[in-house]
Amino acid sequence: MSLISAALKRINPSQTIAISNKARELKAAGRDVIALAAGEPDFETPDNIKEAAIKAIRDGQTRYTAVDGIPELKAAIVAKFKRENGLTYKPSQVTVGTGGKQVLFNALVATLDAGDEVIIPAPYWVSYPDIVQFCGGTPVPVETKLEDNFKLKPEMLDAAITPKTKWLIFNSPSNPTGSAYSRDEMKALTDVLMKHPHVWILTDDMYEHLVYDDFEFVTPAQVEPGLYDRTLTMNGVSKAYCMTGWRIGYAAGPEALIKAIGTLQSQSTSNPNSIAQWAAVEALNGPQDFIVANNKVFKERRDLVVSMLNQANGLTCPKPEGAFYVYPSCAGLIGKTTPAGKVIDNDETFASELLEAEGVAVVHGSAFGLGPAFRISYATSTKDLEEACLRIQRFCGSLR
Ligand SMILES: Cc1ncc(COP(=O)(O)O)c(C=O)c1O
């Protein structure tokens, strides 16, 4: 009898975490490595949020809480959805978990049966297909195109829906491409979804606040209120509030689904960390102006990286609306040879040779289900980014 379960054998360790670990190891061994692989802001958690956590400890907020979140945090989330998205939820329609990842995991474990299909636009965040597979569901990746800025088109969505489709997982702004859908683009997709009442929508709005050039963020249930009863709107404090380590994510949706997610959580991790919940209350209710200041820096970095990568031989880099990623295509370099004689046969080889030759860690596009391309996270110092882009230019220029 095998020790490892069939469910676990269906999934792989996160490749983005693996590459970040490899870069960290090389650095520890003395190599000059610039890691552009991690999906987290390089900014500190704001002080008012840290202070709220310290106060929570001093006030003795150190015990088990309600499994799916303290009332104060649920109230802050209800207010956030109203204020920022025009969505009205009751506290009983809100659940809080240990990061957005747990909320997503819970939602899929709570709803998927063997054979259920989940539509996932590609390139996608690495965890979506693995979690679906863990649940015995069938991921249905739908490949988007660079010419469309990696956005799903209504006809592609329509063609992917079958009677077995349970969920569409939607992620705007996107990890890994940074692409975000305008209201019109979103409406074209929600029109398709209105024709298929059996399909549920899991929208991952984790990068909501990270949009540039006055781009207006929208979420599906806001654009099409007719989808409210079958949409789980997921969000969290990890990215915009620079709180990746605190592990607080949340979602709102129909009560029955929220209750099922809570039941699952009650038998696994119980409540998310009590202190981090109080910090999240302050994040959502407190001043939001640091987000504007951070976004100014992110926008400058995005513009720098897009411009420098488009000057590299053989790379094409679209300019995305949000998040802190760019997703350049390296199709123009496939088949070329490095000075050491290695043929660049795919994007994984491109990324490993780039790391070897120039000490720049990026994540190959095939990890996200669409290559040949790679993902750069520009959530790192502007100085390092500039140096990394120069090295990438040198590496691409060295290929023959
Ligand atoms: C698209 C997307 N969704 C969800 C998450 C998970 O966020 P959290 O750190 O809150 O679990 C991430 C983190 O990388 C992400 O990129």
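We count ligands from 1, going down the list as the structure has it; atoms in each ligand are counted the same way. Predicted model, so just to flag it, every value in this text is computed and none were measured.
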Practice task
Could you label the plane-to-plane angle of the F350 and F395 rings as parallel, tilted or perpendicular, counting under 30° as parallel and over 60° as perpendicular?
Solution key: perpendicular
Problem - ring-ring contact (aromatic ring centres under 6.0 Å, His included), paired with F170, selected from Y124, Y181, W125, Y128 - result: Y181
Contact table, ligand 1 N/O with protein N/O, distance under 3.5 Å:
residue  : atom   : partner : partner atom : Å
ligand 1 : 3 (N)  : D204    : OD1          : 3.4
ligand 1 : 3 (N)  : D204    : OD2          : 2.5
ligand 1 : 9 (O)  : S238    : OG           : 3.2
ligand 1 : 9 (O)  : R247    : NH1          : 2.8
ligand 1 : 10 (O) : G100    : N            : 2.7
ligand 1 : 10 (O) : S238    : OG           : 2.7
ligand 1 : 11 (O) : G100    : N            : 3.1
ligand 1 : 11 (O) : K101    : N            : 2.9
ligand 1 : 11 (O) : R247    : NH2          : 2.8
ligand 1 : 14 (O) : K239    : NZ           : 2.6
ligand 1 : 16 (O) : N175    : ND2          : 2.7
ligand 1 : 16 (O) : Y207    : OH           : 2.8

Completion exercise
For residues 51-87, the ring pair (Phe, Tyr, Trp, His ring centres under 6.0 Å) pairs (sequence neighbours left out) are F81-Y89, F81-Y250
Problem - Contacts of F324 that satisfy ring pair (Phe, Tyr, Trp, His ring centres under 6.0 Å) - sequence neighbours left out - result: Y207, F298
Problem - Worked verdict on H198 versus I161 for side chain to side chain contact (heavy atoms under 4.5 Å, CB included) - result: CA-CA 10 Å; H198 67 291; I161 294 173; 4.0 Å; yes
Problem - Other cluster members, V33 - Ile/Leu/Val/Met/Phe/Trp/Tyr, side-chain contacts below 4.5 Å - result: L26, L355
